[in-house]
Amino acid sequence: MRIAVAQKLKIGSIVLFALIAGNALVSCELSAQEDNAAIDKMFDDLFRELDEESRGQFKKMLKGAQIDDVFPDGRIPQSPSADSDQSDPWGSFFERIEVRPRRNLLRDRRPSSNEKQSKAQLTLFKEVTQSASPSTVTIRDDRGPRVLGTIVGANGWIISKASEIDNPEDLSCRIHTGQEFDIKLLREDSANDIALLKIEATGLTPIQWSSEPLKLGSLVVTGDRTGTPLAMGVVSVNVRSLVANNQAFLGVGLQPAARGVVIETVVPNGAAAAAGLMLGDIVLSLDSIEINSVNDLVYEIRRHNPGDRVKVTYIRDGKETEVEAVLGGRNLTGIQALQYDVMNRAGTQKSRRHNEFPAVFQHDSPLWPEQCGGPLLNLDGKAVGINIARGGRVESFALPPEVIKQFVSGLLLDL
Amino acid sequence: MLRPFPPLPTLFAIFVSISGISSALYLPSCEGSDLNQLKTLESKIQSVVEKTLESTVVVTDGFGSGSGVIVSKDGLVLTAGHVLMTRGKELELIMSDGTLVKAKKLGKCLDVDAGMAQIIEPGEWPAVDLGSSESVKRGDWVVAIGHPGGYLLGRTAPIRIGKVLSRAETLVVTDSALIGGDSGGPLFNLNGELVGIHSSIGESVALNRHVAIDAFRKGKNWERMLEGETWEKLGSLINPERRGALLGVSLDLNSSEAKIVKVHDGSAAEEAGIRVGDIIVEFDGQDVADSNDLQRKVGRLAPGEVVELKIIRNGTTKSLTATLGGEEG
């Protein structure tokens, strides 16, 4: 399907997404002042290839009809949700696609027996994960496992995911024998999101790193401290930088002005264009933050993520107005970024820190955030990296051994 | 150039199962052999990637983008029908090495979401071989490539793997994870042959739908698309031409199979003996892939029509007959 048919995701609701990264829906405006009739016309234009009835049904779905049971004849219940705002159809549509993490639904979904993550399939990797279990630990809080960790020194040195370890005094570390230890957080590398932890233990088995160059299509598996395989996948993309690739853009060229900054160019199909900003408009503030220079505005914009909505106050023809813009990304417009974000939340939970890593490689194992921090293993039982984040529906990220080794060797440790 | 439809489908199918990758068979413990199985699988996947990565492209009109795959040396590209629903006829393809190449849209069959494009710059292009989706079986491993999220400079097209969860004549459902931007990208079997084109996803990460490659060759589809024809409607993917037939069931929409979760009182399904938990695998003589596929098939029929169904209940297959209900008038 071509558009993101996104509604409140409930049990039994079907969400069929088109896999095109953006489409003509891009050109639709998110301004709260948009006229209903103009939207309808735009919609009709975009979906001219559909028949009347299908178009009507799509519109209803976008405006909030819930699909609980879709009957085989394609009949869709005609009940826009009670809080649908008819004067702001697009705005409220995007509000409705806020997906609350549904921890007990797709997370607890049991894979059917012919899926790649079924127990029968994962058990094939048991030999591999069991060999690395002595080097794998669980970092726990009082509610249960928080994240995994990797033993890098026999005397109790552990690497884990820093952004998940904000309160080490309330956390404990469980090793493969079941023994539990208090944790000391010794050092953090926030760029790579790694933390060096120390437990009072000796005689542990440090992880063995693979020395082979990483190859696309290699099988990888993640196990827990007991040697149970948690998830498998393949190496999807080799090591690259994820820094500064998720910047937000308003899509304007700017010049200084006596007060605020003046818009000198408007990028077609950019966030500013979609919001109706024009050449000559003078921007005074962004989200109530006063703009006094071009740098001010660029800095404020870059602090956001693609898909974020910002309020732009500007002067045109002597009149001060405010408009809402949806910031775009380097390659995606604001709407595309939002759609991508919805798809990324379907049945997936990203790690809190899932971006801006200087050097990571990518694999398609469907890890949950608390399954990161431990070693990622190849079929020889050696670690090709440490899982550092679930990035989204199709990607998990791992730090290559060089990053860890550099961090550890930079410290004088009696490993 | 278009490879003739494989003349030896039987031999091909045997080859796939002899390679031992079908993990519908769980081999009991001999530790060495589990790892050997996996190493064989791994080396096949790596070969597929080497053979096909170059042929996977980004398809863009400058605003939105999807993916595509080159299937002939002179630059014929297969993609999803909906990727071609852009204004204008010009397209730009981004090759695996980042070079931009001009292409033009050809035709699309929106009913199955198949589409074609043609590179219009001279040159010899790296092409993949076409496979046969008919020989693809549940449990087969597949390799999915595409450009999720659109083109990212410095990122090669991410490789994913999955298993075939269900298959119908024009649709393959797998658990190789896809997302926006992947549309039109290729799905390969372990021989590196093209067996599907990415189309849509469901809510679950394990629910990913691909146009079966056989849909491109069904009837006169291939010739019509080459000629630049566009036909059928995209909406028919979830809202088939309604002729009013009703089976009277609710389906598990997150399953990769057509699994019944509710049978409505007094419905055609109840009469036919369909029960909650049944999985419908055949409808009116055709394989059924997932819930969506079943909805389309039912929707194409009229009330009163009598159909044969095959269901799986508690592991056994049963044949049932249903007289479809429907709207009055």
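Each chain gets a letter, A, B and so on, in the order the sequences are listed, and its residues count up from 1.
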Worksheet item: For the side chain of A:K116 and the backbone of B:I161, is there at least one donor-acceptor N/O pair under 3.5 Å apart?
Response: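 Confirmed, A:K116 side chain pairs with B:I161 backbone.
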Chain A contact via [X] - which portion, at a heavy-atom distance below 4.5 Å:
X: B:I145; value: neither
X: B:A144; value: neither
X: B:D252; value: neither
X: B:V164; value: backbone

Considering only heavy atoms from C-beta outward, does the side chain of [X] approach that of [Y] to under 4.5 Å?
X: A:M343; Y: B:I201; answer: yes
X: A:V394; Y: B:R160; answer: yes
X: B:T156; Y: A:N238; answer: no
X: B:L38; Y: A:M232; answer: no
X: A:E127; Y: B:D34; answer: no

Fill in: Pair A:K215 + B:E42: basic N to acidic O under 4.0 Å
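Answer for the salt bridge query: no.
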To the closest 0.5 Å, what do you measure between [atom1] ([X]) and [atom2] ([Y])?
X: B:K39; Y: A:D380; atom1: NZ; atom2: CG; answer: 4.0 Å
X: A:L379; Y: B:N36; atom1: CG; atom2: CG; answer: 10.0 Å
X: A:D364; Y: B:I159; atom1: CG; atom2: CD1; answer: 9.5 Å

Worksheet item: If you count heavy-atom pairs under 4.5 Å between each of B:N208, B:V49, B:L165 and chain A, which one has the most?
Response: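 Between B:N208, B:V49, B:L165, the count favours B:L165.
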Worksheet entry | Region of A:Q362 that comes under 4.5 Å of a non-hydrogen atom in chain B | side chain
Worksheet item: Which bit of A:V235 comes within less than 4.5 Å of chain B, counting heavy atoms only: side chain, backbone, both or neither?
Response: backbone
Worksheet, complete the sentence: Nearest heavy-atom approach of A:R393 to B:G202 is NH1-O, 3.1 Å
Practice prompt. Taking all heavy atoms of B:A206 and all of A:E115, pick out the closest pair and write down the distance.
Written response: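 Distance-wise, the nearest heavy atoms are CB-OE1, 3.4 Å.
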Worksheet item: Hey, is NZ on B:K259 packed in by over 12 heavy atoms from elsewhere, all under 6.0 Å?
Response: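 No, NZ of B:K259 has 12 or fewer neighbouring heavy atoms, counting only those of other groups under 6.0 Å.
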